Every structure is written in structure tokens, then in C-alpha cells.
Amino acid sequence: MSGVRRIGVLTGGGDAPGLNAVIRAVVKSCRLTHHIRVVGIMNGFSGLVEGQWKELEREDISGLLPRGGTILGTTNRGNPFRYVYRRPDGQEEVIDASRMVVKNIEKLGLDALIVIGGDGSLSIAERFFRELSIPVVGVPKTIDNDISATEVTFGFATALESATSALDRLHTTAESHHRVMLLEVMGREAGWIALHAGIAGGAHMILIPEIPFAYDPLLAKIRARERLGRPFSLVVVAEGAAERGGEQVYADEDAVTGWKRLGGVSYSIARRVAELSGYEVRVTVLGHIQRGGSPVPVDRILATRFGVEAVRLAVEGKFGYTVALRCNDIVAVPLAEAIGHLKRVDPACQLVQTARAVGIVFGDEDPEDVEAAEG
Ligand code: F6P
């Protein structure tokens, strides 16, 4: 019989649709299958620094499956090894609060800690496991789908649904007004949301960080469509996209942690396209719409599978691992292998080739080829 009696669960980093479904699955499988009690840690690792947690009872998880967000709260600023501490005088400073986390885990009597997070939170979990022997199990999450250990993360499909639906709406208004419409989507250093949404939503151009773009092929595509009697175009822009030889655009930077938030690149692209093409160009930055709302069924199912398997790993004492989806099975991958190298779009991959085959331009083509392809 397993010696695990009490498990802690926390959600860290940016939220993603499906977090609540994982929490629900953890609590249900702990209680129904393994007779283990669950403590919900509030606001990521910060809860273990500040002493914020609650026992999760049956009523806490009722109605959770379709709910977006996380009932436990989360933060991007909760790294205990570089904790942003607000002094009584209101000034912020960075301290190492990792020992407070260890103390609180002991105080709570946790036999395991399930960390649901992206690359940042899983890296923190791995460090607690490696340096301080904390019995952690990871669950990967992010709408960006950039965690290399797993083929898919929950949240991605829901974000994709929102981005595709936005493109469908932009399509009709672009056509009516004969405009070029830019839709900026999230994804950080990876173009997965942009690539998938662009294909699903019938975009004419997709700009992703992995393929630096030039303006000439974009112009060629706009002109070629015009000649075919289609004087409007849809462009999906990943927030991390950059012109060849240019820089990524940041919305802001956290003064204490130095974390830089991507966003806003579409505005300069729109200005340039308008200048060069003479078209009216409009920008929609989809933003956190992609993170909110109810998870779509595939995200609910993946989240449930991850939650149940994370508990199983904890019960088996398989710590220092994260659950991951591979070939439609949930497997255990060492955290050390799962972190630090993001999964990005390979410009030569089949999906990019598929997009090119249906005429989608990425901005790295020869403009003459783009013109010729449209006939
Ligand atoms: O990693 C998820 C993500 O939504 C990115 O796509 C985006 O760049 C970032 O988080 C936004 O972070 P914040 O919630 O701090 O605005």
C-alpha cells in the first residue's frame, strides 16, 4: 500500500483553460480511488511562501469541469528562489524564499506536491526536487503548446478555437470593406496558435517567430489576390513574429523580475503594409480572450487524464517526473528532460508545407513565386 496520505496541488504561471479540470481530476481520483486528502495551494508557489492553502473537499470541485481559470489562483511572479518580497515600506526586493516552502510543506504534512504549470513552474518544481528533495510531480499546461515533453498541452485547443472564431468574424468584415485585417495571437516564442488558427480560419498570410518575414512576399500576395478579384486579406500574426533582421516587440517588462511580455508587433506591421499597399489595414489583438472561458471537450479530457495520471505517479512514488501525452498515451517524463528547451515550429514541418500548399504565405517566399502561384 502507498504511504501517500496527503497531496498538495498548485497552479503556476499564466492560466489556461482546463486547469480546473485537472484540479477536479486530482481531487476525485485521490478521494475515490486512493483515499488521499488534497490540499489546494493558493496562487502558485507563493501560497507555500505566504502560507495560503485550503483543504479541497467534494463541494470545492463541484461544477469545475467546464469552468475556465483556476480556483486556486495563479501568478507569474511566484518563483520562491527569486521571490518578489514587498517590504513594509512598499519597496519590492528579490529574496530566496525556498526554505519557507520546504517548512510549509513539512507543516502541512504533504507526501507529494502536484505542480500544474508551464516551463517556468515546472523548472521551479524540478529545482525543488533536485536541490531540496521535495516529492514533486508535474502536469504541463499552457495555451502556447510549447512544452517539448508533451505532444499537446490542455488549453491549446480552446485558445485555437477562440483564434479561429475571431478569424471567421474578421473574414466577413475584411471582405465587406476591402481591407487587410491583422489578427495578433499569443504564443510567446512559438507560432503554434498562429499556424493552427491560420490554417483553420483560412488566413492568407501567417507570421510566426520561427520564420522571419519580409514585406515583399506579403505585398505580392495582397496584389495577387486583388488581381483575382479578392481585394482583402487576412493575416495571422504571432506575438513573437519579427521582420527578417528586425526585433521582437514587447508590451512591457517587469521592473523587478525582468520578465518581458511580448505584444503589439501587429501595429507596426499594419502601418508598413498600409504604406506599401495603399490598403486600409486594421489590427485586432486577441489577447487574454485566448486564455479565458470554458475549455473545449478535448482540453477537458486531456486535463482529466493528466490529473488522474499525476496522482498515480505520486502514489507509486515516482517523483521528479511530469505527465505528458505521447502517441495518445499519458506517459511519465523526467522533469529534467522536460524543461528548458521549448517546442517550436520547425519551418520545414509538414504542417507548414500543408499551409504553403494551400497558398498561405509566411513572408519568406520569393515574391515572384507568390505572384506566379496565384496565376
Ligand atoms: O504563456 C501564456 C501566455 O498567454 C503567452 O502566450 C503570453 O505571451 C503571456 O502568457 C501573457 O502573459 P500575461 O498573462 O502576464 O499577460
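Counting starts at 1 for both ligands and their atoms, in listed order. This structure is a prediction, so every number in the text was calculated from the model and none was measured.
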*Test side-chain contact (heavy atoms from CB on, under 4.5 Å) on Leu302 and Lys141 and set out the steps.*
CA-CA 10 Å; Leu302 183 58; Lys141 70 83 225 187; over 6 Å; no

For ligand 1, find each of its N or O atoms that sits under 3.5 Å from a protein N or O atom, and tabulate the pairs with distances to one decimal place.
| unit_1 | atom_1 | unit_2 | atom_2 | d |
| --- | --- | --- | --- | --- |
| ligand 1 | 1 (O) | Asp144 | OD2 | 2.6 |
| ligand 1 | 4 (O) | Arg291 | NH1 | 2.7 |
| ligand 1 | 6 (O) | Asp144 | OD1 | 2.7 |
| ligand 1 | 6 (O) | Gly187 | N | 3.1 |
| ligand 1 | 6 (O) | Glu239 | OE2 | 3.4 |
| ligand 1 | 8 (O) | Glu239 | OE1 | 3.4 |
| ligand 1 | 8 (O) | Glu239 | OE2 | 2.5 |
| ligand 1 | 10 (O) | Arg291 | NH1 | 3.1 |
| ligand 1 | 14 (O) | His288 | NE2 | 3.2 |
| ligand 1 | 14 (O) | Arg291 | NH1 | 3.0 |
| ligand 1 | 14 (O) | Arg291 | NH2 | 2.9 |
| ligand 1 | 15 (O) | Asn76 | ND2 | 2.8 |
| ligand 1 | 16 (O) | His288 | NE2 | 2.8 |

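If you chain together hydrophobic residues whose side chains sit under 4.5 Å apart, Ile193 and Val285 never meet in one group.
Aromatic ring centres of Phe232 and Tyr279 lie farther apart than the 6.0 Å criterion allows. Aromatic ring centres of Phe45 and Tyr83 lie farther apart than the 6.0 Å criterion allows.
Here the shortest heavy-atom pairing between Arg344 and Glu189 reads NE-O, 2.8 Å.
The distance from the CD1 atom of Ile23 to the CG atom of Asn20 is 5.0 Å, given to the nearest 0.5 Å.
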